[in-house]
Chemist: 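Below: one structure in structure tokens.
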Amino acid sequence: MATEQTYIMVKPDGVQRGLVGEIIGRFEKRGYKLVAAKLVHASVEHLEKHYADLKGKPFFPGLVKYMASGPVMALVFQGKDVVKQGRVLLGATNPLASAPGTIRGDFGIDVGRNICHGSDGVESAKKEIALWFGEQNPTIEYNRVLDSQIYE
């Protein structure tokens, strides 16, 4: 079974609203395995590294300030096509454009408070996992009995 990993971050609004368990549950109910998790109050410098690709955007300073305003939940999920499917579970970046049933569609209203971040590709997932969990493999490998029921 070919699997990949993705980085999902519950942003300060999601943590403050008590949505961490709901978000983890949605990924697990989809069949994805949680292999790393930690609560982090990230520094501005760390967040500037995470969002480096957005540095020239006018909203960048506000984004970094907001993300540093409270703890975030850093998560790594593993499974078949988890990067692409994880983004489907999250919904559109703008919650008002997100379908009902998606995390952002069900819980978000403003684009600047859109509950979660999700890796946009396999390579960016690897970089984000390394940034948030360290260069060494931070994940815990374990077998679930139900994997044989989920994957062919």
Side-chain angles (χ1 to χ4, degrees), residues 2-55 57 59-95 98 101-144 146-147 150:
T3 64
E4 61 190 31
Q5 294 181 338
T6 194
Y7 175 71
I8 301 295
M9 177 171 46
V10 183
K11 295 179 178 182
D13 55 321
V15 172
Q16 291 289 329
R17 292 176 57 194
L19 296 173
V20 172
E22 173 76 24
I23 292 162
I24 290 172
R26 289 200 184 193
F27 277 81
E28 289 181 328
K29 287 174 186 160
R30 179 70 166 85
Y32 295 121
K33 180 168 55 172
L34 180 63
V35 295
K38 68 179 178 178
L39 191 64
V40 180
H41 197 148
S43 68
V44 168
E45 294 79 21
H46 190 87
L47 291 161
E48 286 174 345
K49 287 179 189 173
H50 177 80
Y51 288 113
D53 60 319
L54 302 175
K55 192 163 186 136
K57 303 287 186 182
F59 59 83
F60 181 78
L63 171 64
V64 171
K65 181 179 177 186
Y66 168 67
M67 291 298 295
S69 72
V72 299
M73 190 70 185
L75 305 164
V76 180
F77 287 97
Q78 182 173 299
K80 187 176 183 180
D81 203 29
V82 70
V83 173
K84 179 179 167 192
Q85 294 306 315
R87 291 183 64 83
V88 172
L89 286 169
L90 293 180
T93 301
N94 181 348
S98 292
T102 65
I103 291 165
R104 291 174 177 151
D106 289 350
F107 302 114
I109 295 173
D110 284 328
V111 71
R113 303 290 186 268
N114 66 358
I115 314 294
C116 284
H117 162 83
S119 298
D120 62 4
V122 174
E123 289 307 311
S124 63
K126 289 176 184 175
K127 289 177 189 171
E128 291 170 349
I129 292 166
L131 177 65
W132 288 90
F133 288 91
E135 292 295 328
Q136 305 301 338
N137 186 353
T139 60
I140 297 174
E141 289 299 320
Y142 61 99
N143 294 318
R144 296 182 303 180
L146 65 94
D147 283 342
I150 295 172

Chemist: So, do L34 and V76 sit near enough that their side-chain heavy atoms are less than 4.5 Å apart?
Modeler: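 They are not in side-chain contact.
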Chemist: Applying salt bridge (charged side-chain N to carboxylate O under 4.0 Å, His left out), name anything that partners E45, two or more places apart in sequence or on another chain.
Modeler: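 Checked E45 against salt bridge (charged side-chain N to carboxylate O under 4.0 Å, His left out); zero matches.
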Chemist: E128 vs H117, test: side-chain contact (heavy atoms from CB on, under 4.5 Å). Steps then yes/no.
Modeler: CA-CA 11 Å; E128 291 170 349; H117 162 83; 3.1 Å; yes
Chemist: Quick one: CD on E22 to CZ on R17, what's the gap to the nearest 0.5 Å?
Modeler: 11.0 Å
Chemist: Of all heavy-atom pairs between A42 and L47, which one has the smallest distance, and what is that distance?
Modeler: CB-CG, 3.8 Å
Chemist: Does the side chain of L54 come within less than 4.5 Å of L63's, by heavy atoms?
Modeler: yes
Chemist: Show your working on side-chain contact (heavy atoms from CB on, under 4.5 Å) between T102 and V88 and close with a plain yes or no.
Modeler: CA-CA 7 Å; T102 65; V88 172; 5.8 Å; no
Chemist: Closest heavy-atom contact between V15 and P71?
Modeler: CG2-O, 3.5 Å
Chemist: Might you point out which heavy atoms bring A125 and Q5 nearest each other, and give the distance in Å?
Modeler: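 Smallest heavy-atom distance, with atoms named: CB-O, 3.4 Å.
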Chemist: Please report the C-alpha distance between Q78 and E141 in whole Å, then the side-chain angles of each, then the deciding distance to 0.1 Å, and finally whether the side-chain contact (heavy atoms from CB on, under 4.5 Å) criterion is met.
Modeler: CA-CA 10 Å; Q78 182 173 299; E141 289 299 320; 3.2 Å; yes
Chemist: Could you tell me whether the side chain of I8 reaches within less than 4.5 Å of the side chain of L90, counting heavy atoms only?
Modeler: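 Side-chain contact under 4.5 Å: yes.
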Chemist: With rounding to the nearest 0.5 Å, note down the distance linking OG1 in T139 to NZ in K33.
Modeler: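 Result: 9.0 Å between the selected atoms.
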Chemist: Pairs in or reaching into residues 63-74: which pass side-chain hydrogen bond (donor to acceptor under 3.5 Å, both in side chains), with residues at least two apart or in two chains?
Modeler: D13-Y66
Chemist: Measuring from M67:CE to S43:OG, what's the distance to the nearest 0.5 Å?
Modeler: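 It is 12.0 Å, given to the nearest 0.5 Å.
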Chemist: CD of E28 to CD1 of I23: how many Å apart, nearest 0.5 Å?
Modeler: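 Reported to 0.5 Å precision, the distance equals 12.5 Å.
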Chemist: Among residues at least two apart in sequence or on other chains, which ones pass salt bridge (charged side-chain N to carboxylate O under 4.0 Å, His left out) with D106?
Modeler: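 By the salt bridge (charged side-chain N to carboxylate O under 4.0 Å, His left out) rule, D106 matches R26.
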Chemist: Quick one: salt bridge (charged side-chain N to carboxylate O under 4.0 Å, His left out) partners of R144, sequence neighbours excluded?
Modeler: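 Salt bridge (charged side-chain N to carboxylate O under 4.0 Å, His left out) check on R144 returns D147.
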Chemist: Once ring-ring contact (aromatic ring centres under 6.0 Å, His included) is applied, what residue pairs with a partner in residues 18-47 remain, sequence neighbours excluded?
Modeler: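 Only F27-F77, H46-W132 qualify under ring-ring contact (aromatic ring centres under 6.0 Å, His included).
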Chemist: Quick check against the 3.5 Å criterion: does R104 have a side-chain atom that pairs as donor or acceptor with the backbone of G91?
Modeler: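 The answer is yes, because a donor-acceptor pair under 3.5 Å joins these two groups.
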Chemist: Considering non-hydrogen atoms only, spot the tightest contact between R87 and G118 and give its length.
Modeler: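 Heavy atoms of R87 and G118 come nearest at NH1-O, 2.8 Å.
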Chemist: Enumerate donor-acceptor pairs with a distance under 3.5 Å from any side-chain N or O in residues 107-116 to protein atoms, sequence neighbours excluded.
Modeler:
| unit_1 | atom_1 | unit_2 | atom_2 | d |
| --- | --- | --- | --- | --- |
| N114 | OD1 | K11 | NZ | 2.7 |
| N114 | ND2 | T93 | O | 3.1 |

Chemist: Given the rule in the side-chain contact (heavy atoms from CB on, under 4.5 Å) test, do H50 and M9 qualify, once you have shown the distances and angles that lead to the verdict?
Modeler: CA-CA 11 Å; H50 177 80; M9 177 171 46; 3.7 Å; yes
Chemist: Which heavy-atom pair separates Y7 from I129 by the least distance, and what is that distance?
Modeler: CB-CG1, 3.9 Å
Chemist: For residues G70 and P12, report the shortest heavy-atom separation together with the two atoms involved.
Modeler: O-CG, 3.8 Å
